[in-house]
Engineer: 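Handing you this structure, nothing more for now.
Chain identifiers are assigned alphabetically (A, B, ...) following the order of the sequence lines, protein sequences preceding nucleic acid strands; residue numbering begins at 1 within each chain.
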2 protein chains.
Amino acid sequence: MNDVNGRTRIPGTVAYRLGVLGAISENRFATAIAPLDLKPKHVGLLAALESAQGLSQQELATRLGVVPSLVVALADHLEKLDAIRRERDPADRRRQTLVLTDVGRALLTRCEREAAALDRALTAQLTAAQLSALDEVLSLLAAEAGMPSPR
Amino acid sequence: MNDVNGRTRIPGTVAYRLGVLGAISENRFATAIAPLDLKPKHVGLLAALESAQGLSQQELATRLGVVPSLVVALADHLEKLDAIRRERDPADRRRQTLVLTDVGRALLTRCEREAAALDRALTAQLTAAQLSALDEVLSLLAAEAGMPSPR
DNA sequence: TATTGTTATACTCTATAACTATA
DNA sequence: TATAGTTATAGAGTATAACAATA
């Protein structure tokens, strides 16, 4: 597919194109949510919390594929926005359980709308068949890449 | 496609998945070429130079979608590796034309092999039909995203 | 006066490692 | 002694802005 005369041109590789496209997608999403004072990683944390309320920061770190100290920074910011609350686990007072507040849920909803709009713009030229092929292929690639998932 | 009960879940969006997948791809490529003392952006510059020899640093900055001062840093490093040479344009002595050396071409070839191997690993589970659908869809997405291309 | 390349500087993101408090 | 979270620190990467040389 990318080979010409047995040579693979870098800009034609799936890896290269995914990298560039991914950076553009993330940039656009970051721009869209900037007015909410959120960055993509914050949204990842909120989404992870929504699907599994009351995770500890360590668990979050694993799910998001980041280092625990980064979760601290993300949680600090989200707490300042009243989007989450930290609650001590009574059973083990070292652990802090993060819970989504109403404000956090509302923020997440607004982010979802932005993401949906971005998706529409991005996939505007795709037929329904191409769209479902994309969905399928992204899932296969994600599995192959061992993509950490907040789901 | 990503909507459940009229709600778009962030982790299901094309934008989100492209972002994560792109970051993973870039990381893997970065790891693969680290022994060559190169980063993905260096390879992007080499690839751009190969398809259009003798570009100025300004032109490169535009093609790569980065700021001119970053091209200086990338070119400094590549020059130290003897992968490129800077040549003053005799017609306009402010301009410096970057040219790929034999060392640079050899490095690029090794990067191409790494990229090809990465692609094989990434797309191992895809059928031929899915692979060509992916190719097509990536091109459409790239066009829609206004992806800067070193080609 | 405008443009090319460079340098100086600063900012964002994230990781590593040391530290505190609980266990 | 081990673990959850935090803090302090540092590094990579990249942008902005001031500057020098040339047009």
Engineer: May I have the step-by-step check of side chain to side chain contact (heavy atoms under 4.5 Å, CB included) for B:Phe29 and B:Val43, ending in yes or no?
Structural biologist: CA-CA 10 Å; B:Phe29 186 58; B:Val43 181; 4.1 Å; yes
Engineer: Rounding to an integer number of Å, can you tell me how far B:Lys41 NZ sits from D:dA12 P?
Structural biologist: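 That distance rounds to 16 Å.
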Engineer: For DNA chain D, whose closest nucleotide is more 5', that of B:Glu26 or that of A:Pro68?
Structural biologist: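 Taking each residue's closest nucleotide, the earlier one in sequence belongs to A:Pro68.
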Engineer: Side chain of B:Val67 only, heavy atoms from C-beta on: which candidate in C:dA15, D:dA15, D:dA4 is closest?
Structural biologist: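 The answer is D:dA15, which lies nearest to the side chain.
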Engineer: Are A:Leu60 and A:Leu98 packed together at the side-chain level, in the sense that at least one heavy-atom pair is separated by less than 4.5 angstrom?
Structural biologist: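 Counting from C-beta outward, A:Leu60 and A:Leu98 do come under 4.5 Å.
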Engineer: Would you mind reading off the distance between B:Arg95 atom CZ and C:dT3 atom P, rounded to a whole angstrom?
Structural biologist: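 Atom-to-atom, B:Arg95 to C:dT3, this comes out as 14 Å.
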Engineer: Return the nearest nucleotide to the side chain of A:Arg86; candidates are C:dT6, D:dT6, D:dA4.
Structural biologist: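 That would be D:dT6.
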Engineer: Quickly work out the A:Arg94 CZ to C:dA23 C1' distance and round it to whole Å.
Structural biologist: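 After rounding, the reported distance stands at 4 Å.
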Engineer: Between C:dA15 atom P and A:Leu64 atom CG, what is the distance in whole Å?
Structural biologist: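 Answer to the nearest Å: 11 Å.
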Engineer: Is any side-chain N of the basic residue among A:Arg7 and B:Glu50 closer than 4.0 Å to the acidic one's carboxylate O?
Structural biologist: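 A salt bridge links A:Arg7 with B:Glu50.
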Engineer: Counting heavy atoms from C-beta on, name the nucleotide in C:dA15, D:dT14, C:dA23 closest to the side chain of A:Asp92.
Structural biologist: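 Looking only at side-chain atoms, A:Asp92 lies closest to C:dA23.
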Engineer: Measure from NZ on B:Lys39 to P on D:dG11 and round the result to the nearest Å.
Structural biologist: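 From B:Lys39 NZ to D:dG11 P: 13 Å.
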Engineer: Hey, does A:Gln96 have a side-chain heavy atom less than 4.5 Å from the side chain of A:Glu87?
Structural biologist: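 Heavy-atom side-chain distance check fails, nothing below 4.5 Å.
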Engineer: Rounded to whole angstrom units, what separation is found between the CD atom of A:Gln57 and the P atom of D:dT3?
Structural biologist: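 Interatomic distance, CD of A:Gln57 to P of D:dT3: 18 Å.
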Engineer: Starting the side chain at C-beta, find the nucleotide from C:dA23, C:dT7, D:dG5 nearest to A:Arg93.
Structural biologist: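 Closest of the options to the side chain of A:Arg93: C:dA23.
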Engineer: Between B:Arg86 and B:Asp76, does at least one N-O distance fall below 4.0 Å, as a salt bridge requires?
Structural biologist: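 The answer is yes: the pair qualifies as a salt bridge.
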Engineer: From CG of B:Leu55 over to C1' of C:dT4, roughly how many Å is that when rounded to an integer?
Structural biologist: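 From B:Leu55 CG to C:dT4 C1': 15 Å.
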Engineer: Which is more 5' along DNA chain C, the nucleotide nearest A:Val66 or the one nearest A:Ala91? Just name the residue.
Structural biologist: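 Here A:Val66 is the residue nearer the 5' end.
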Engineer: A:Gln96 has a side chain; which of D:dT6, C:dT6, D:dA15 sits nearest to it?
Structural biologist: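 That would be D:dT6.
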Engineer: Could you check how far CZ of A:Arg88 sits from P of D:dT3, rounded to whole Å?
Structural biologist: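 One finds 18 Å between P of D:dT3 and CZ of A:Arg88, rounded.
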Engineer: When you measure from the side chain of B:Ser69, which nucleotide among D:dT16, C:dC13, C:dT6 comes out closest?
Structural biologist: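 Side chain of B:Ser69 sits closest to D:dT16.
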